[in-house]
Visitor: 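Sharing a structure, written as structure tokens. Questions coming.
Every chain is numbered from 1, with letters handed out A, B, ... down the list of sequences. Below, each value reflects all heavy atoms present in this structure, side chains not excepted, and no hydrogens, waters or symmetry copies.
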Number of protein chains: 2
Amino acid sequence: MTDEIISFITRFVPLTEEEIAIIHEQNLIKSFRKDAVLLSEGEYAKECYFILQGCVRSYYLIDGEEKTTEFYTESQAITPVSYTQKEPSKYYLSCLENSIIALGSTERNNQLLEKIPKLQSMVAQLNSDLLIQKQESFDDFKSLSPEQRYLRLLETRPDLFKRVPLYHIATYLGITPVSLSRMRKRVSTKVKQ
Amino acid sequence: MTDEIISFITRFVPLTEEEIAIIHEQNLIKSFRKDAVLLSEGEYAKECYFILQGCVRSYYLIDGEEKTTEFYTESQAITPVSYTQKEPSKYYLSCLENSIIALGSTERNNQLLEKIPKLQSMVAQLNSDLLIQKQESFDDFKSLSPEQRYLRLLETRPDLFKRVPLYHIATYLGITPVSLSRMRKRVSTKVKQ
DNA sequence: GGCAAATATTATCTTAAGATAAAAAGCATT
DNA sequence: AATGCTTTTTATCTTAAGATAATATTTGCC
């Protein structure tokens with residue numbers, strides 16, 4: 001059932017049978033309906049998330065407009081800023097689909113880290129990897145045109161286009177939905193020639 | 001001389017006198033001339049850097065154009081991707097000014113981490129902080145217009161405008177130098193009205 | 001099947017960025 | 001002061017994005 005979590009962790013550190021059992025024990029798995037809000041602006045996140053099934057979106061609310069910053073899908077972990085820092089969240093997390101999510105509270109995670117100290121090294125590695133990824137996507141974003149970013153997203157995460165409305169993808173790409181629609185038309189006629 | 005390093009570290013973990021002494025011993029400090037290249041595309045970084053004095057820039061070379069991705073100044077640490085990963089670097093690091101830089105090699109840093117294990121927690125915290133910062137600047141970048149990004153950079157890092165040529169700042173903002181020049185004129189006439 | 005809500009497209013107009021070339025200004029060195 | 005080099009600005013033209021409003025299409029639901 002939560003083998004995804006185990007295989008996620010063992011990408012970083014090996015686990016014994018006992019350790020796997022401990023992790024299974026600790027697991028708190030919940031279902032969320034589409035549009036369920038996991039975290040709101042202004043709230044203090046007390047939990048982090050691991051997506052077993054479904055899709056979650058993070059977004060800012062700026063002048064009444066939602067600006068999507070990330071799409072999280074199966075086997076991705078979400079550690080809200082306000083989980084680590086003691087600040088209220090600046091963004092929202094909500095489900096784009098009915099989702100099954102493993103929750104980690106501060107206390108339970110700390111217990112887990114005590115019982116299995118090598119998980120600390122996993123967390124460290126994960127953060128370091130995420131930093132590198134984030135840096136690279138940022139760099140790409142800056143050096144590519146909106147159209148190139150769109151084409152690249154089509155290649156790297158084609159799944160998103162099947163499960164996420166285009167107007168969320170548009171703000172994720174840093175453009176307006178109208179502009180994305182126009183661009184898609186432009187691109188498709190280019191290809192056909 | 002390298003008190004900056006100590007105070008950088010003690011922002012994360014407290015240090016005893018002995019530990020400070022150990023760190024001082026380990027320190028390898030070098031001077032670099034303006035335009036010196038610390039790391040080239042394709043190279044494997046064997047070192048990380050801590051800037052004591054000066055300014056370093058990271059950039060990609062794309063179709064013969066340099067795209068600046070970051071400016072590092074006093075008391076900032078640079079850990080190249082290829083220092084942690086076993087991949088060749090995709091970008092360059094070079095000095096915008098004559099600079100004094102503390103170097104950490106993989107071996108020396110590992111020795112240090114063995115001698116002072118709590119530094120591991122510093123590294124972890126640092127990565128986690130950097131991840132959060134990077135995420136936030138990325139989010140800002142996506143939701144702001146080029147002009148707003150320029151104005152924000154003016155506020156947050158006014159020093160850069162005194163020490164870095166505008167054409168580097170332009171590519172850092174994700175626009176062309178010509179466009180930045182035009183924008184500055186536009187902005188200045190706006191303000192004057 | 002029909003209706004409302006959600007999502008996507010189209011049209012029009014305005015504004016700013018990209019490309020390119022050329023000129024101007026600033027700086028350092030002799 | 002003259003030269004060459006770096007940096008910034010200006011000009012022109014082209015292209016695409018933003019804003020806004022209207023329309024079309026799709027989807028879920030009773």
Visitor: Rounding to a whole Å, what distance do you find between Leu151(B):CG and dA16(C):P?
Guide: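 Between P of dA16(C) and CG of Leu151(B): 13 Å.
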Visitor: Has Lys185(A) got a side-chain N or O lying under 4.0 Å from the OP1 or OP2 atom of dT10(C)?
Guide: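 Looking at the OP1 and OP2 atoms of dT10(C), one of them is under 4.0 Å from a side-chain N or O of Lys185(A).
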Visitor: How long is the line joining CD1 of Ile169(A) and P of dA8(C), in whole Å?
Guide: 8 Å
Visitor: Hey, is Glu70(A) close enough to Arg157(A) for a salt bridge, meaning N to O under 4.0 Å?
Guide: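 Yes, charged N to carboxylate O under 4.0 Å.
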Visitor: Applying side-chain hydrogen bond (donor to acceptor under 3.5 Å, both in side chains), name anything that partners Glu136(B), two or more places apart in sequence or on another chain.
Guide: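 In terms of side-chain hydrogen bond (donor to acceptor under 3.5 Å, both in side chains), with neighbours along the sequence ignored, Glu136(B) is linked to Lys90(A).
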Visitor: In the hydrophobic clustering (ILVMFWY, side-chain contacts below 4.5 Å, transitive), which residues join Tyr83(A), or is it alone?
Guide: none
Visitor: Let me know the distance between CG of Leu166(B) and C1' of dC27(C), rounded to the nearest Å.
Guide: 15 Å
Visitor: Measure OH/Tyr150(B) against P/dT8(D) and give the value in whole Å, please.
Guide: 11 Å
Visitor: How many Å lie between NZ on Lys34(B) and C1' on dC5(D), as a whole number?
Guide: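 In whole Å, dC5(D) C1' lies 11 Å from Lys34(B) NZ.
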Visitor: Return a single string for nucleotides 17-30 of chain D, one symbol per nucleotide in 5' to 3' order, where B is base contact, S is sugar-phosphate-only contact and - is none, cutoff 4.0 angstrom on heavy atoms.
Guide: BBBB----------
Visitor: Mind jotting down which residue pairs meet the side-chain hydrogen bond (donor to acceptor under 3.5 Å, both in side chains) criterion with at least one end in residues 93-104 of chain A? Sequence neighbours excluded, please.
Guide: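 Every side-chain hydrogen bond (donor to acceptor under 3.5 Å, both in side chains) pair that includes a residue of residues 93-104 of chain A, provided the two are not neighbours, is Glu97(A)-Arg163(A).
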Visitor: Can you list the residues that meet the salt bridge (Lys or Arg N to Asp or Glu O under 4.0 Å) rule with Asp159(A), with sequence neighbours excluded?
Guide: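 Counting only residues at least two positions away or on another chain, Asp159(A) forms no salt bridge (Lys or Arg N to Asp or Glu O under 4.0 Å).
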Visitor: List the atom pairs, donor and acceptor, that lie under 3.5 Å between side-chain atoms in residues 114-127 of chain B and the rest of the protein, sequence neighbours left out.
Guide:
| from | atom 1 | to | atom 2 | distance (Å) |
| --- | --- | --- | --- | --- |
| Lys118(B) | NZ | Pro14(B) | O | 2.8 |
| Lys118(B) | NZ | Glu19(B) | OE1 | 2.9 |
| Lys118(B) | NZ | Glu19(B) | OE2 | 3.3 |

